[in-house]
Protein chains: 2
Amino acid sequence: MSEGVEWALHSCVNLAWSGPDRAVSAARLAAWHDLPAAYLNKQLQALARAGILTSSPGPRGGFRLARPLAAVSLMDVVAAVEGPEEAFRCAEIRRRGPGADGPTAEGAAADCAIAHAMSRAELAWRKALAAQNLDEIRQQAERQAPEAPQRLRAWLAAQ
Amino acid sequence: MSEGVEWALHSCVNLAWSGPDRAVSAARLAAWHDLPAAYLNKQLQALARAGILTSSPGPRGGFRLARPLAAVSLMDVVAAVEGPEEAFRCAEIRRRGPGADGPTAEGAAADCAIAHAMSRAELAWRKALAAQNLDEIRQQAERQAPEAPQRLRAWLAAQ
DNA sequence: GCCGGTCTACTCGGATACCGGATGTCCGAGTTGTGTAGG
DNA sequence: CCTACACAACTCGGACATCCGGTATCCGAGTAGACCGGC
């Protein structure tokens, strides 16, 4: 699992705390958690391409949420950063070597019992991710650290 | 997801088809699907360390199942090959930089809302993997290719 | 014929290279606000 | 004083290095069977 997923999730919550009125640059978000700014920028670009954030260039520019946190699921962020393809990709080794049980047919991957079983488990994972949205994450974080939003806004204003 | 997981799963089913009376070497299992023998051997070693297979050296040696397929879950194989640690490991970036909301405490990872949410999804994945055992996989594969076990045994005998 | 010893072939097991992708860094295109000169 | 223009600073966006883990390979330790010589 890519490190960027964790950064992206924290950044989204931080953007929500910052408020929708002004954009926050990748450099600010990175400094808040002492991350490499240019690399975080790369991840935020992926979120922008996925339609989760909007970006604006120039001074006073930066990133802001494209839609409310409640409309962004964990799955959206993971798919944006990690890519949409499945983690377990069946290489169809059945079809190679002496053990090949027939000519290589199109769409045969669905017939592989192993690929099917792994796919089922991965579907459960994706479903669990899709069932949780970032607003729930934000609420839980605020319950554990109620002063966090205010502290972030104050720090951003002081920059 | 490591490629070796797929190889390990196929190899376990093939070992079941081969029968419990004789061991099968990594070279034979690899040739059956045209895989690199030495690397497959590495994965089988991991399965042996995990107690899923037993290994015996020398001529007539090789690997065999340590217990019935019904007693081996997909989770067991994945954990043996990929390692037991979670795919998403929280780096606790909250605790670094100006955004740190307090001194770094032991066991604070459980408090991170993001880590908790990701952990929940990964738990669903692990549960789905643990719910399926390799004997079910074997039965499904036999339904789709009933001649597969006999073909494998014949090929092994001819070697 | 039977037994003991040796020898070979085959196996796993771990140590050793190689490579692609994640990680990290850098510079250019574009925009916004500002300062300034002119009317 | 107001306006238009040039400038400078700051931002994203993508192109360019670097590092690490999965991938692939090789060689050594050990064992089981086979072969041979002796009894």
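Hydrogens, waters and symmetry mates are skipped; everything else that's a heavy atom, side chains included, is used. All of these numbers come straight from a predicted model, not from anything done at the bench. In the text below, chain A, chain B and the rest are named by the order of the sequence lines, each starting its count at 1.
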Inset, instruction - Carefully, step by step, assess Asn133(B) and Leu74(B) under the rule side chain to side chain contact (heavy atoms under 4.5 Å, CB included). - result: CA-CA 6 Å; Asn133(B) 68 62; Leu74(B) 283 179; over 6 Å; no
Inset, instruction - Treat primed atoms plus P, OP1 and OP2 as sugar-phosphate and everything else as base, then score nucleotides 8-15 of chain D 5' to 3': B for base contact with protein heavy atoms under 4.0 Å, S for sugar-phosphate contact only, - for none. - result: -BBBSBB-
Legend entry - Pair Asn14(A), Ser11(A): side-chain N/O donor-acceptor within cut-off below 3.5 Å: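 Note: Asn14(A) and Ser11(A) side chains miss the donor-acceptor criterion.
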Between atom [atom1] in [X] and atom [atom2] in [N], what is the gap in whole Å?
X	N	atom1	atom2	result
Leu40(A)	dT25(C)	CG	C1'	14 Å
Tyr39(A)	dC16(D)	OH	C1'	15 Å
Trp7(A)	dT23(C)	CH2	C1'	8 Å
Glu3(A)	dC20(D)	CD	C1'	13 Å
Glu6(A)	dA22(C)	CD	P	17 Å
Gln43(B)	dA24(D)	CD	C1'	11 Å

Inset, instruction - Mind telling me whether Trp155(B) and Trp32(B) have parallel, tilted or perpendicular rings, with 30° and 60° as the class edges? - result: tilted
Legend entry - Interatomic spacing from NE2 in His10(B) to CG in Leu134(B) - rounded to 0.5 Å: 11.0 Å
Inset, instruction - Mind checking the CG-NE2 spacing from Leu40(A) to His33(A)? Nearest 0.5 Å is all I need. - result: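 Rounded to the nearest 0.5 Å, the CG-NE2 separation comes out at 10.0 Å.
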Legend entry - Closest heavy-atom pair and its distance - Ser56(B), Arg64(B): OG-NH2, 4.5 Å
